[in-house]
2 protein chains.
Amino acid sequence: MARRARGTSAGLDRHRIATAAVALVDRDGLERFGVRRLADELGVDPMSIYHHVKGKAALLDAASEAVLHEVEIGAAEASDDWAEIARRTAHGYRAVACRHPRVFPLVVVRARTSPVTVAAVERLVTAMRAAGLPDRVVADTPGVLFGFLNGHLLARTGEGPEVPAPVGEFDAAAHPTTAALAPLLSDVGSVAEFDRLLDTVLAGIRVSAASG
Amino acid sequence: MARRARGTSAGLDRHRIATAAVALVDRDGLERFGVRRLADELGVDPMSIYHHVKGKAALLDAASEAVLHEVEIGAAEASDDWAEIARRTAHGYRAVACRHPRVFPLVVVRARTSPVTVAAVERLVTAMRAAGLPDRVVADTPGVLFGFLNGHLLARTGEGPEVPAPVGEFDAAAHPTTAALAPLLSDVGSVAEFDRLLDTVLAGIRVSAASG
DNA sequence: GCGGTAAGTTCTACGCCGTAGGTTTGCCGG
DNA sequence: CCGGCAAACCTACGGCGTAGAACTTACCGC
């Protein structure tokens, strides 16, 4: 990769760097990611990157932030049904997780409290409160919903086997019930499964509101 | 650290190595973990470790496996109430996550399908089936339960601020509902909060069974 | 006893990594 | 035309994971 002369601009900025970082992680995985590889990808000296991003950690932050910005709520405000808002938010979140499976672990452990997330939470809790749900339940909802989303999507988008079943190969004789249930888990990772599980969680929130 | 002569035994084995790895990650964090540091800790040459564990990745696998083995179900079999079994399993899992907060991310992304997990799942689904819950719901339960557990505990045991609120500092004016709810989130990270959220999830499973 | 063998440990070396510090270059206001 | 500045580059350092070889010891059939 031929480098430019010393003073000429490479057109680097934080956004371009973050985008390239996401692409690189998507292609090669988190393990292989590094400042030098990213610099190669950008046709740039490694140290040039440091003029826009503080270090590798900040680089990963920028990447996960960029991915999070891709989330589209999809006209969530058009509805005032809180469950519908929750479902659309969840599906938007799932879509990015599937689009960037190798960056998603970064999103989970890093960019909490991102503006995007905060805004989504605000929309959801506002709708729930307007619907008259108890504050206790409304306040707990983000924790349970994003807890489920992060954990589930992490399991379903991981680097594991092609279809990472919740329970992989196992001794069928020692675990008869699991074995008997296995046929029902044929759609692991599908939208249908995601919807079923999500509805279970939302149902829990609903009955907590009714019985609390 | 004085090394022993070349042929003398260092008393290394997989278990001792895994234990030391867990201790090292607990103390210094994942970022600082490395084969050389672990070797120093064990008073041993780095390469000696490679005769018992294949490489760094396998080392991390061993560490997360060791942590997972610490989970105690706590007489879960004494009860035949599936919800009680789920609660005890969840609390055992949480206890480990709190005891080893810096190893837990490893447990989440790696040791899925560990024997310990598989056995716990088998106990749970067997009890649920015996209680007459629909197979569809029983089969989906591990996914929703461990999805929630992994995601939630990851958020609550992360390296973030002292009290990693689900929504950190934010513009109170721009997010009035979240701000209004903030006082209700004073117990973030506590067992009480964990119990509330867990009960919400279990309630969802229960009503799915009733209405499915 | 004794030579042979296998296992466990250490040594050496290679290529890669993140990044601190210094150098070069083009641009732009004066 | 010039002086400063921002942006990019170059060099270098210490640390990393680990392949391969060298060495020491324990053990076993004889």
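Throughout, protein chains are lettered first and strands after them, A, B, ... in sequence-line order, and every chain is numbered starting at 1. Here the structure is a predicted model, which is why all the values come from computation and not from measurement.
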Over its full length, what angle do the end axes of the helix from C/dG1-D/dC30 to C/dG30-D/dC1 make, each axis taken from five pairs and the result rounded to 10 degrees? 0°
When rounded to whole Å, the CG to C1' distance for the pair A/D45 and C/dT19 reads 11 Å
side-chain N/O B/H52 vs C/dA7 OP1/OP2, d < 4.0 Å: no
Taking CG from A/L12 and P from C/dG26, how many angstroms apart are they, rounded to a whole number? 17 Å
Please state how far atom CG in A/D40 lies from atom P in C/dG18, giving the value in whole angstrom units. 12 Å
When you check the gap from the basic side-chain N to the acidic O, do A/D195 and A/R87 get nearer than 4.0 Å? no
Nearest whole angstrom, please: distance from the P of D/dC16 to the CD1 of B/I49. 12 Å
Measure centre to centre between the rings of A/F194 and A/Y93, then say whether the value is under 6.0 Å. no
Whole angstrom value for the distance that separates C1' of D/dG17 from CZ of B/F33: 12 Å
Compare the minimum distances between each of C/dC17, C/dG18, D/dC16 and the side chain of B/R37, then state the nucleotide with the smallest one. D/dC16
Does B/R32 reach a base, just sugar-phosphate, or nothing at all? Heavy atoms under 4.0 Å. nothing
Interatomic distance where CG belongs to A/L42 and P belongs to D/dA7 [whole Å]: 16 Å
C/dT10 phosphate, OP1 or OP2: any side-chain N/O from B/S48 under 4.0 angstrom? yes
Using whole Å, what does the distance between atom P of nucleotide D/dC16 and atom CG of B/L60 come to? 14 Å
B/D28 with B/R102: basic N within carboxylate O range, under 4.0 Å: no
Given the side-chain rings of A/F148 and B/F146, with only the six-membered ring counted for Trp, is the space between their centroids under 6.0 Å? no
Closest approach of B/P46 to B/R36 (non-hydrogen atoms, all atoms of both residues): CG-CG, 4.0 Å
Salt bridge A/R27-A/E41, side-chain N to carboxylate O under 4.0 Å: yes
Closest contact, heavy atoms only, B/R14 versus B/A62: NH2-CB, 3.8 Å
Look at A/H51 and D/dC9 and indicate whether a side-chain polar atom (N or O) is within less than 4.0 Å of OP1 or OP2. no
Proximal nucleotide (of D/dA8, C/dT9, C/dG18) relative to the A/Y50 side chain: C/dG18
Tell me: NZ of A/K56 to C1' of C/dA20, nearest whole Å? 18 Å
Phosphate oxygens OP1/OP2 of C/dT19: is one of them under 4.0 Å from a side-chain N or O of A/R36? no
Closest listed nucleotide, where the reference is the side chain of B/M47 and the choices are C/dC11, C/dC16, D/dC9: C/dC11
